[in-house]
Amino acid sequence: MSYSVEQRAKANSLEYRLFFKNCKGQYISPFHDIPMFADEAKAIFNMVVEVPRWTNAKMEIATKDPLNPIKQDVKKGKLRYVANVFPHKGYIWNYGALPQTWENPTHIDENTGFGGDNDPIDVCDIGSKVCERGEVIKVKILGTLALIDEGETDWKIIAINADDPEASLYNDIEDIRRLKPNYLESTVDWFRRYKVPDGKPENQFAFDAEFKNKDFAINIIKSTHEHWKALVTKKVEGGEINCVNITVQDSPFFSKAEDMETIVKATPPCGPPSPVSEDVDKWYYYQKN
């Protein structure tokens, strides 16, 4: 299955949205309508790329918007950019989410003692290609890191693009440690410190910031998929999350594909990008604790 995207409104603006289409040109939700598995027999998953590596704009699937387009996160009325905390320039992997997963905030994770962060599960792709925002890639799962972000469980799945020239060399978390020395340590450092320039404390981790292996990670993913199923079929209350979809026929939020265009056209058409703040290129240095 191939997917495409359609930009609405100006890039670098509060109104910017990136909508998704399937191979038939129908508007879809990247949260609900893209299958979690690309190839279940081979344990290959679909990943929606929200943030290309080395970039700073904190883009995310808009879980509360109809059709869940990608938008830029906003804090205190301003577009959010991740700081460059030396030596890391922006995001150090292609960053995104697995579709049809949900970290349920009312479910207390037995591993962390905290509820989920109310989003699809996050993925860090360590492949060599710098992906495009909105690209849907196939990934191999290698492991996971349990971040505790402001009192919420926020699993970070570590994966590699299945089409990467070296993908066959990576089959579990220890392969990264062997073939990409210091990448895992840098990943912990990035997640520990990325909010410090905003005046927040360092993030914490379960398991003393140790990575769990592939099998552990896949079990976590499958658990979040079951929570998503309950969400989209309204067996649990999702609050403000928008579950409109065109593929989950037993969902009370199932809608006709032809009705989706109205949602997209409600956002202004694509225009020239707005200027980006010079703060995006600023570097932050501080002593590690």
Side-chain angles (χ1 to χ4, degrees), residues 34-54 88 91-103 107 109-114 116-117 119-131 135-149 153-194 203-228:
I34 296 175
M36 180 180 73
F37 279 112
D39 186 334
E40 186 170 1
K42 295 181 180 178
I44 302 296
F45 292 75
N46 282 314
M47 171 185 172
V48 178
V49 177
E50 298 165 316
V51 186
R53 186 166 57 240
W54 312 135
H88 309 306
Y91 286 73
I92 62 173
W93 349 254
N94 296 304
Y95 189 73
L98 295 184
Q100 297 188 343
T101 63
W102 179 51
E103 295 201 62
H107 171 73
D109 192 297
E110 64 181 5
N111 299 287
T112 67
F114 293 96
D117 71 348
D119 284 324
I121 201 166
D122 297 321
V123 193
C124 304
D125 159 43
I126 67 163
S128 57
K129 176 187 174 183
V130 177
C131 294
E135 194 171 346
V136 179
I137 64 172
K138 299 175 178 63
V139 295
K140 291 173 64 175
I141 306 301
L142 302 175
T144 188
L145 178 68
L147 176 68
I148 308 300
D149 191 348
T153 301
D154 191 4
W155 290 101
K156 305 300 180 184
I157 300 298
I158 310 301
I160 188 168
N161 191 331
D163 292 329
D164 190 275
E166 297 184 344
S168 63
L169 302 178
Y170 293 84
N171 297 293
D172 215 322
I173 197 72
E174 290 304 317
D175 293 327
I176 305 175
R177 205 178 301 280
R178 178 171 54 86
L179 297 170
K180 291 182 184 282
N182 296 318
Y183 204 167
L184 294 180
E185 291 80 0
S186 293
T187 294
V188 171
D189 185 61
W190 194 98
F191 281 117
R192 191 188 303 281
R193 300 196 290 152
Y194 82 102
N203 278 323
Q204 304 300 312
F205 302 87
F207 308 115
D208 293 324
E210 290 185 8
F211 288 84
K212 292 298 187 179
N213 67 14
K214 171 185 177 177
D215 290 342
F216 187 101
I218 289 177
N219 282 334
I220 293 294
I221 292 166
K222 288 180 177 178
S223 173
T224 64
H225 182 57
E226 292 304 313
H227 286 296
W228 169 80

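Count residues from 1 along the sequence.
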Please answer whether the main-chain N or O of G127 pairs with a side-chain N or O of R53 as donor and acceptor at a distance below 3.5 Å. yes
Heavy-atom closest pair, residues T112 and A146: CG2-CB, 4.2 Å
State which residues pass side chain to side chain contact (heavy atoms under 4.5 Å, CB included) with P99; sequence neighbours excluded, sorted by chain then number. I34, N46, V48
Atom pair CD1 (I92) and OH (Y194), whose distance is rounded to the nearest 0.5 Å: 13.0 Å
Aromatic rings Y95 and W190: how do their planes relate, parallel, tilted or perpendicular, breaks at 30° and 60°? tilted
Are the side chains of C124 and F191 in contact, using a 4.5 Å heavy-atom criterion? yes
Side chains of F211 and V188: does their closest heavy-atom pair fall under 4.5 Å? yes
If you take all heavy atoms of N161 and C131, which pair is closest and at what distance? ND2-SG, 4.4 Å
Rounded to the nearest 0.5 Å, what's the gap from CG on D117 to CG on L147? Could you check? 9.0 Å
Point-to-point distance, once rounded to the nearest 0.5 Å, from CD1 of I141 to CD1 of I220: 12.0 Å
Is the backbone N or O of K129 less than 3.5 Å from a side-chain atom of N94, with the two atoms forming a donor-acceptor pair by type? yes
Between W93 and T187, is there a side-chain donor-acceptor contact under 3.5 Å, judged purely by atom types and distance? yes
When you look at H107 and T153, which way does the side chain to side chain contact (heavy atoms under 4.5 Å, CB included) test go after all the steps? CA-CA 10 Å; H107 171 73; T153 301; over 6 Å; no
Not counting sequence neighbours, which residues clear salt bridge (charged side-chain N to carboxylate O under 4.0 Å, His left out) with D149? List them please. K195
Would you check, one step at a time, whether the test side chain to side chain contact (heavy atoms under 4.5 Å, CB included) holds for W102 with I121? CA-CA 6 Å; W102 179 51; I121 201 166; over 6 Å; no
Side-chain (T224) to main-chain (E103) donor-acceptor, under 3.5 angstrom: no
Contact check, side chains of N111 and W155, non-hydrogen atoms, under 4.5 Å: yes
Are F37 and F45 close enough that some pair of their side-chain heavy atoms sits under 4.5 Å apart? yes
Nearest-0.5 Å distance that lies between atom CD1 in I173 and atom CG in N213: 8.5 Å
Check: D163 and I137 side chains under 4.5 Å, non-hydrogen atoms: no
How long is the straight-line distance from NZ of K212 back to CG of L145, given to the nearest 0.5 Å? 11.0 Å
Among residues two or more places apart or on two chains, list those pairs meeting side chain to side chain donor-acceptor pair (under 3.5 Å) that have a residue in residues 169-181. K140-N171, E174-R177, D175-R178, R177-E185
Does any N or O in the side chain of D164 come within less than 3.5 Å of the main-chain N or O of S128, such that one atom is a donor and the other an acceptor? yes
T101 side chain vs H225 backbone, donor-acceptor pair below 3.5 Å: no
What pair of heavy atoms forms the shortest contact from A167 to I160, and how long is it? CA-CD1, 4.1 Å
Residue pair I126 / L142, side-chain heavy-atom distance below 4.5 Å: yes
Any side-chain heavy-atom pair of V49 and D125 under 4.5 Å: no
